[in-house]
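Letters A, B, ... are given to chains in the order of the sequence lines, protein chains preceding strands, and every chain is numbered from 1. Small disclaimer: the values here were computed from a predicted structure and weren't measured.
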Amino acid sequence: MGFPKRVVLVKFDPYVPQCIQFGRVLDPSAQRFTVKGAPQRQPDQAAESSQSLPPSQTSLQIKPSRRQLAAQGSQRTDSHPTEESLAPTQPEIEAPDNEAVDRVEDSFTMSSPKQTERVDEQVADRFNDDLSQAIKEAKALAHLPLDEDEDAESPTASTADDGDESGRDDEPLELAPQPRKRSVVSKASALRDKKTLNMNTFQCMDPGAGGYSSQNPNARTIQILEDMCRYYDQMQDTWRTLAYRKGITTLKKQHTKIATAKQAAALPFIGSRLADKIEEIVLTDRLRKLDNTKDDPLDAVLRLFLGIYGAGLVQANKWIQAGYRTLEDLQSKAKLTESHKVGIEHYNDFDSRIPRAEVEAHGAFVNSALRKIDARFEATVMGSYRRGAKDSGDIDMIITGPGATSSTLRTIVLDQLIPQLYKAGFLKASLATSRSNDSTGSKWHGASCLPTSKVWRRMDFLLVPEGEMGAALIYFTGNDIFNRSIRLLARKKGMRLNQRGLYKDVKRGRRGEKLNEGVLVEGRSEKKIFEILGVPWREPHERIC
DNA sequence: CTGCAGGGTCG
DNA sequence: CGACCC
DNA sequence: GCAG
């Protein structure tokens, strides 16, 4: 999702790690600093039951709905709508340190760029076989309007992604609205193999909604839904946000106008609720629900508080219930953790976007310091920067080195690099950091600031041992939807994918709880992981779901 | 009605 | 361990 | 909010 979306395929090395980013997504327009004196009015705007969130509850209930509570844990990802703005069509936005990247790649990836296409095709082909079968299955299971005979040309996976640069306008046809025709599709095929996964449900199998633009017939609808989505994201309603994102992505893939609820509901990831909203938007050019929630003072306060690093629904509601309405209230009256203090003090800093050039500068600063400690190590900026974004929510760097073990990395980074960067005045605060003596630690989260600036930026370091580069690349390349999708796929295949590697023979309980670590299958090569999972290779910029 | 990725850090 | 974050 |  995103705005002007899909633009260039910036010309960077496909293998260059591009990563997922953990930016915060906050609506700049939100009147977060002007919400003082928010009325103490009683909440009545909770139209739907599910909507009666704790927030507004001026009164007693501090308790977030189960939904929301469960929601913790995945919000604010860089893949949020507003975050995906890719750099404008200037192909020249190459990563400044391409060399560095190349080196990294060379050291940690099996295949060289040369072999890329070939490999990809092979994978793709292999995939197609599986796919055609999966597709049938999918059609039987999903209520997609495909005709039986159509699947010969497995649409979805425009497989070996034609590295077409001029962007694409081809859209996955399955999603195309077509005259409803209850395909009597194969109960046979459906029964054939219960284990066949419905690939249509994995967004990682399908190139992102790249062709989307304001030209899309559903542009207006999408715009409003993105507003809703952004709102829910701010409210940290993870699952609703996720659902919206999926639905929006589907809509972006449509090339015809979706005007009725019935029409909309036929699409994947669009259920009755979203369908109704879509119809309302088309009919009235607005969404009442959005209008309401948007200007509720208490919601505004809640969103203000939720924007603080380290503050979630529980904490924010406690503050609200305690009567606090402004950041000043919190600073003067509430008991805050160190993170909260930093988060409040630099609320604006962390809330603002980081220009691409500045991201580069931060990266250079870190890299320079690291090289002085040990020239073999490298720090590479990942995140949306690698995806070619013109600005980022935070700066995310992977630090690795030839033969580096997690232990040596911890020593180098945690005991030397970080302290030095602090001394240099570059690092300003730590928010969450591993301890060099913790054998499992692998990250450092904090804030940095260029000598030439006074705006603090969220900076994350990830320590990645050589043997885990492949998995790390996938993880930090994102986007998050893609990651979650591919991880889910791995799970469905009895495996487990995390930032360290792909594991097989993972035993799980009835409810999916991991009962066993599983056996490491692959961690070093990104491509192999894709291959093993049967996911067609996708360039980083195509992993925007 | 339940799961929605999986894992690290903080208090 | 719950909350929060990536 | 969707899907199973």
Side-chain angles (χ1 to χ4, degrees), chain A residues 19-24 48 50-51 64 66-79 141-143 198 200-201 203-204 225 228-229 232 236-248 250 265 267-277 306 308-318 335-340 343 382-383 393-394 396 430-435 438 440-446 458 460-463 471 474-476 478-492 495-501 503 506 510-514 517-518:
Chain A
C19 144
I20 198 181
Q21 192 133 136
F22 315 106
R24 339 182 94 216
E48 311 180 5
S50 61
Q51 183 52 24
R66 137 174 158 21
R67 292 294 187 187
Q68 290 218 320
L69 273 181
Q72 306 307 340
S74 69
Q75 59 287 68
R76 293 181 195 168
T77 52
D78 197 33
S79 45
L141 304 178
H143 299 225
N198 178 349
N200 285 2
T201 64
Q203 305 197 301
C204 65
L225 289 181
M228 270 309 281
C229 184
Y232 282 132
Q236 296 190 10
D237 189 338
T238 311
W239 308 121
R240 206 168 261 111
T241 299
L242 180 64
Y244 267 77
R245 288 176 63 188
K246 287 183 176 179
I248 290 170
T250 291
L267 301 170
F269 304 116
I270 294 184
S272 57
R273 326 277 311 286
L274 274 178
D276 287 343
K277 288 183 174 63
L306 289 177
I308 298 169
Y309 182 96
L313 276 171
V314 175
Q315 187 57 257
N317 278 305
K318 282 180 184 169
K335 324 165 195 59
L336 307 169
T337 66
E338 285 310 302
S339 291
H340 290 154
M382 308 288 283
D394 68 359
D396 197 352
S430 301
L431 296 171
T433 87
S434 303
R435 289 162 209 148
D438 175 354
T440 60
S442 61
K443 72 182 187 186
W444 183 92
H445 289 177
R458 279 281 296 101
D460 294 349
F461 291 128
L462 301 121
L463 317 189
I474 290 179
Y475 179 47
F476 298 117
N479 69 7
D480 73 323
I481 293 279
F482 178 86
N483 283 344
R484 292 156 76 160
S485 172
I486 195 171
R487 287 180 175 203
L488 184 60
L489 175 59
R491 170 195 284 233
K492 299 290 186 189
M495 294 184 274
R496 171 171 67 107
L497 176 64
N498 63 21
Q499 50 270 62
R500 292 208 277 276
Y503 303 75
V506 177
R510 199 63 192 115
R511 290 189 176 176
E513 335 85 82
K514 179 181 62 180
E517 290 296 303

Revision key, fill the gap. Here the distance between atom C1' of B:dA5 and atom CD1 of A:Ile474, to the nearest Å, is 13 Å
Check your understanding: Can a cation-pi geometry be assigned to A:Arg245 and A:Phe269, taking NZ or CZ under 6.0 Å from the six-membered ring centre and within 45° of the ring axis?
Key -> no
Exercise for review: Using a heavy-atom cut-off of under 4.0 Å over every strand shown, decide if A:Ala432 touches base, sugar-phosphate, or nothing.
Suggested key: sugar-phosphate
Check your understanding: When you compare B:dC4 with C:dC1, how far apart are their C1' atoms, in angstrom units rounded to a whole number?
Key -> 22 Å
Review point. Think A:Arg496 has a side-chain N or O under 4.0 angstrom from the OP1 or OP2 of B:dG7?
Key: yes
Review point. Can any side-chain N or O of A:Asn483 pair as donor or acceptor with the backbone N or O of A:Ile486 at less than 3.5 Å?
Key: no
Exercise for review: Classify the nucleic acid contact of A:Leu497 as base, sugar-phosphate or nothing, counting any heavy atom under 4.0 Å across all strands shown.
Suggested key: sugar-phosphate
Point to revise | Minimum-distance nucleotide to A:Arg511 side chain [options: C:dA3, B:dT2, D:dG1] | key: B:dT2
Check your understanding: When you measure from the side chain of A:Ser434 to the backbone N and O of A:Lys443, does any donor-acceptor pair fall under 3.5 Å?
Key -> yes
Review point. How would you label the contact of A:Arg510 with the nucleic acid (heavy atoms, under 4.0 Å): base, sugar-phosphate, or nothing?
Key: nothing
Study note, to complete from the structure: Picking from D:dG1, B:dG7, B:dC10, the nucleotide nearest the side-chain atoms of A:Thr433 would be B:dC10
Exercise for review: Send over the distance from A:Ile481 CD1 to B:dA5 P, rounded to a whole Å.
Suggested key: 9 Å
Point to revise | Between P of B:dG8 and CZ of A:Arg487, the distance in whole Å | key: 10 Å
Check your understanding: Which value, in whole Å, describes the distance between the P atoms of nucleotides D:dG1 and B:dG7?
Key -> 30 Å
Check your understanding: For the pair made of CE in A:Met228 and P in D:dG1, what is the distance, rounded to whole Å?
Key -> 6 Å
Practice item. Could you check which of B:dG7, B:dG8, D:dC2 has an atom nearest any side-chain atom of A:Asn498? Key: B:dG7
Practice item. Just call it for A:Ser485: base, sugar-phosphate, or nothing, with non-hydrogen atoms closer than 4.0 Å on any strand. Key: nothing
Review point. Does A:Glu338 have any salt bridge (charged side-chain N to carboxylate O under 4.0 Å, His left out) partners at least two apart in sequence or in another chain, and if so, which?
Key: A:Lys341
Practice item. Starting from P on C:dC5, measure out to CG on A:Asp480 and report it in whole angstrom. Key: 15 Å
Review point. Quick one: A:Ile486 CD1 to B:dG6 C1', roughly how many Å, whole number?
Key: 14 Å
Point to revise | Check: B:dG6 base within 3.5 Å donor-acceptor of A:Tyr475 side chain | key: yes
Exercise for review: Decide yes or no for A:Leu242 and A:Ile481: does some side-chain heavy atom of the first lie under 4.5 Å from some side-chain heavy atom of the second?
Suggested key: yes
Check your understanding: Between A:Glu517 and A:Lys514, is the closest basic N to carboxylate O distance under 4.0 Å?
Key -> yes
Point to revise | A:Gln315 side-chain proximity, nearest of C:dC4, B:dT9, B:dG6 | key: C:dC4
Review point. When you compare C:dC4 with B:dC1, how far apart are their C1' atoms, in angstrom units rounded to a whole number?
Key: 27 Å
**Study point:** Selection from C:dA3, B:dT2, B:dA5 that lies nearest to any side-chain heavy atom of A:Arg484
**Key:** B:dA5
Check your understanding: Between A:Tyr309 and C:dC5, do the rings stack, that is, sit under 5.5 Å apart with planes less than 30° off each other?
Key -> no
Practice item. Just compare B:dG6, B:dC10, C:dA3 and give me whichever is closest to any side-chain atom of A:Arg491. Key: B:dG6
Check your understanding: With a 4.0 Å cut-off on heavy atoms, is A:Gly512 in touch with a base, just the backbone sugar-phosphate, or nothing at all?
Key -> nothing
Check your understanding: Looking at B:dG7, D:dG1, B:dT2, which one has an atom nearest to any side-chain atom of A:Trp239?
Key -> D:dG1
Practice item. Round to the nearest Å and state the distance from A:Leu463 atom CG to B:dG8 atom P. Key: 12 Å
Point to revise | OP1 or OP2 of B:dG7 under 4.0 Å from side-chain N/O of A:Lys514 | key: yes
**Study point:** Touch class at under 4.0 angstrom, heavy-atom based, for A:Thr201 against every strand present
**Key:** sugar-phosphate
Review point. Considering only side-chain heavy atoms of A:Lys277, which listed nucleotide, B:dG3, D:dG1, B:dG6, is closest?
Key: D:dG1
Review point. Any donor and acceptor pair, going by atom type alone, linking the side chain of A:His340 with main-chain N or O of A:Gly310 inside 3.5 Å?
Key: yes
Review point. Taking the side chain of A:Arg435 as its heavy atoms from C-beta onward, which of C:dC5, B:dC10, B:dT9 lies nearest to it?
Key: B:dC10
**Study point:** Between B:dG8 (C1') and A:Asn483 (CG): distance, integer Å
**Key:** 16 Å
